[in-house]
Amino acid sequence: EFAPEFASQTYNASAFDLDPYGKIVLNVSAADADRLNPYSANTPNALVSYSLPSDALTYNRYFQITPTGNLTVIQPLPSETNIIALPVRIRACDLSWNQKCSEIRVNIALSHHETQAGQLGFLQPVYYKEVSENLDLNEVIVTMDVEYQEENRIVCNIEDLDLSNKFSIITDNLQKNCKLTLLHQLDYSVQSRYNVTVSVRPDTINNRRKRQIYVYNTHQLATVIIQVKDENNNGPRFIYPLYPVNPNVLRMYFGAVANDSRPDKQVLEVQATDLDLGTNGLVTYSIKDASESPANTPFSLSSDDGIVTTKRDLSAELNKPVQYRFRAVASDNPVRFTEKQSDETNVIINLIRPFNRFVLVFKDKNPEDLLPKREFIRQVLQNVTKHVAIIETIERKRYLNDLQNVQTDDDDVPDADVYFVLQETVEPYHLINNTRQDELFPGGDLGDLKNKIGGDPSLDVITIRKPFDSEASRIFQLSKSYVWWLDDPWAALVALAAISILLCLVGLIVIIFTHSRYMRYVGEYETHLRAFDQPEFVEPPSFLREYETQSLNMYVPAPDEAVHDLGEINMTFEGENVTAEHIGGDQGITSAVNPIYQEDDPQSQPPRPTGFTESTTML
């Protein structure tokens, strides 16, 4: 029947633009006259609820009202200084089915906090940017926003002068912001990170400056961190050993290996480098398809370290060529396969015959002491001979004893032999025979060689010789049996005796094992037989009557056949040197004695002569 009525028709309140969420600005109250009616009291007609109606002309959106009438802040209040009042409408309604409402208008005075003018500067103290090392010159790396320029133009500077030749700082068209650009090409392998410090200041000061409200924290100095991304802009490049120049630089690899080498013998190493980092600079090696000459060469190239090794037993191959060739490929491994780069080179490998070897003898040097000086010795040999030198092996000195057998120097400080070969520097790059030793090392005193090796005072050359005839075919296969076979023939007999003993032991083991299996089989067979019933002998069939069960090829009549009177039967048996005659029998009988029906007592019947001599049996 009645609408709620507010306690006051005029409400005034105040608020601060920095008031936080939930701050109570005002409390209002309203009552419904229906509560005085005893029939309406304590019914929805007497209850009151509050709300803020939507109205574009008010600031209701900044507040909310609770069921108890508290008006609270729900979002930041306007900060514009020209807004000094916030009109709000509050509505009170009962809860009846025929709802009745009333409204009031509240004026909220808004006060603002004091503000200060903003300072010219960058919005960020640090800028981070990733750029490719292939970034074009004069390309903008980063745009740096500047605030509080007002009417002024700005000036940007790079504080680090060492970087001013790599980067440049400019302003935009309105001269309100700064732009960092690239002046010089970036290279990840040279430097992967740059820290560029940039400052900003006004170019001119406008005295009629407009006061700007402080909104942002600004920074007059800002650091630009530039992270350079590695691109695959460098390909692998082979690094070649130092070879004689005759007439041009030899940009290829040469190797040599004994013509009877076994599998997995290292021949040479190819090496390539890539200036890129990460997988872009990871180099792998391979043999180019269809580049082998002759086809299917007996060599393999390790993909990881570029080491060339033999993959077959050269001693077992017939009609081998003296030289093999193929092309080695070095490739990088970028993430994007389309960026893959590679380099190729020729590899030439000659087979070493005994007449190709030279031996350089050093005084008082262990082989392990010469290994670090291997490349130095090789280059000295090249400088003296003007040919490509390849060192095959470094070993203890060998010499011939009184029996012309090859012996090894076993002194505590032995001499050392350096086995090497020389190769032509022009096509077809074949090995040189050691018969040209006098031509290659004229004079025999090795003066030039000793002088150049004398650059290392620790090295003392004794001589250069050819391999001994008795060691030419075996010096590089010390692990094979024929080495000690030739040195000591008695060793063959010892080996033969050992093999014989071994075979005897193997035969004895086989016999014992076989006999054991046989005895086990016999035992199992006897066990098997016990599982069957033993045979029982029974009386002969009745139809046999009184006839013998075995007739000695004589005719035995069937049971139902009448027996005719045959008269006297000639029971004389004749054989080689034997005559037997049946006597004392009646006519019509076919056997003198039937053992089946003999009496058990031999005395009951007298013995009957048979005509056989004792110990003679005829069947």
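The model shown is predicted, which means the values in this text are computed figures rather than measured ones.
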Asker: To the nearest 0.5 angstrom, please state how far the CG atom of Leu77 sits from the CD1 atom of Ile108.
Answerer: 8.5 Å
Asker: Not counting sequence neighbours, which residues clear salt bridge (Lys or Arg N to Asp or Glu O under 4.0 Å) with Arg89? List them please.
Answerer: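 Partners of Arg89 by the salt bridge (Lys or Arg N to Asp or Glu O under 4.0 Å) criterion, ordered by chain and then number, come out as Asp55, Glu103.
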Asker: With sequence neighbours left out, what residues match Tyr324 under ring-ring contact (aromatic ring centres under 6.0 Å, His included)?
Answerer: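 With sequence neighbours excluded, Tyr324 shows a ring-ring contact (aromatic ring centres under 6.0 Å, His included) to Phe299, given in chain and number order.
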Asker: Can you tell me if His430 has over 12 outside heavy atoms packed within less than 6.0 Å of its NE2?
Answerer: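 Counting other residues, nucleotides and ligands, NE2 of His430 exceeds 12 neighbours.
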Asker: I'd like to know if the side chain of Thr309 pairs up with that of Gln266 as donor and acceptor (distance under 3.5 Å, no hydrogens or angles considered).
Answerer: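 On atom types as modelled, these side chains do not qualify, holding no pair under 3.5 Å.
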Asker: Pairing donors with acceptors under 3.5 angstrom, does anything connect the side chains of Gln423 and Asn350?
Answerer: yes
Asker: Please identify each residue that fulfils ring-ring contact (aromatic ring centres under 6.0 Å, His included) with Tyr429, with sequence neighbours left out.
Answerer: Phe254
Asker: Can you name the one residue among Thr284, Asn280, Asn232 that meets side chain to side chain donor-acceptor pair (under 3.5 Å) with Asp332?
Answerer: Asn232
Asker: How long is the straight-line distance from OG1 of Thr425 back to CG of Leu250, given to the nearest 0.5 Å?
Answerer: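 Taking CG in Leu250 and OG1 in Thr425, the distance rounds to 6.5 Å.
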Asker: Does Leu277 have more than 12 heavy atoms from other residues, nucleotides or ligands lying within 6.0 Å of its CG?
Answerer: yes
Asker: Do Ile141 and Ile226 touch side chain to side chain, with heavy atoms closer than 4.5 Å?
Answerer: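 Yes, their side chains come closer than 4.5 Å.
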Asker: Roughly how far, to the nearest 0.5 Å, is CD1 of Ile390 from CD1 of Ile352?
Answerer: 7.0 Å
Asker: Consider only side-chain N and O atoms of Ser132 and Glu231, and report whether a donor and an acceptor are under 3.5 Å apart.
Answerer: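 Short answer, yes.
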Asker: The test is side-chain hydrogen bond (donor to acceptor under 3.5 Å, both in side chains); show your working for Thr345 and Tyr240 and say whether it passes.
Answerer: CA-CA 10 Å; Thr345 188; Tyr240 297 97; 3.0 Å; yes
Asker: Given 3.5 Å as the limit, does a donor-acceptor pair link the side chain of Tyr253 with the main chain of Ala328, or not?
Answerer: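 Such a contact is absent between Tyr253 side chain and Ala328 backbone.
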Asker: Check side chain to side chain contact (heavy atoms under 4.5 Å, CB included) between Lys179 and all other residues, then give those that pass, not counting sequence neighbours.
Answerer: Val140, Thr143, Ile170, Asp172
Asker: Not counting sequence neighbours, which residues clear ring-ring contact (aromatic ring centres under 6.0 Å, His included) with Tyr11? List them please.
Answerer: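 ring-ring contact (aromatic ring centres under 6.0 Å, His included) check on Tyr11 returns nothing, list empty.
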Asker: Under the side-chain contact (heavy atoms from CB on, under 4.5 Å) criterion, do Leu186 and Lys166 qualify, and how do the steps go?
Answerer: CA-CA 8 Å; Leu186 300 174; Lys166 177 72 75 172; 4.0 Å; yes
Asker: Excluding sequence neighbours, so at least two apart, what forms ring-ring contact (aromatic ring centres under 6.0 Å, His included) with Phe122?
Answerer: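 For Phe122, no residue satisfies ring-ring contact (aromatic ring centres under 6.0 Å, His included) once neighbours in sequence are set aside.
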Asker: Look at atom CZ of Arg436 and say whether more than 12 heavy atoms of other residues, nucleotides or ligands are closer to it than 6.0 Å.
Answerer: yes
Asker: When Gln227 is tested against each of Glu130, Lys129, Arg193 for side chain to side chain donor-acceptor pair (under 3.5 Å), which residue passes?
Answerer: Arg193
Asker: Within a reach of under 6.0 Å around CG of Asn12, are more than 12 heavy atoms found that belong to other residues, nucleotides or ligands?
Answerer: yes
Asker: Mind checking the CG-CD spacing from Asp274 to Gln341? Nearest 0.5 Å is all I need.
Answerer: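 With rounding to 0.5 Å, CG (Asp274) is 7.5 Å from CD (Gln341).
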Asker: With the side chain counted from C-beta on, respond yes when Ser331 and Asp343 share a heavy-atom pair under 4.5 Å apart, and no when they do not.
Answerer: no
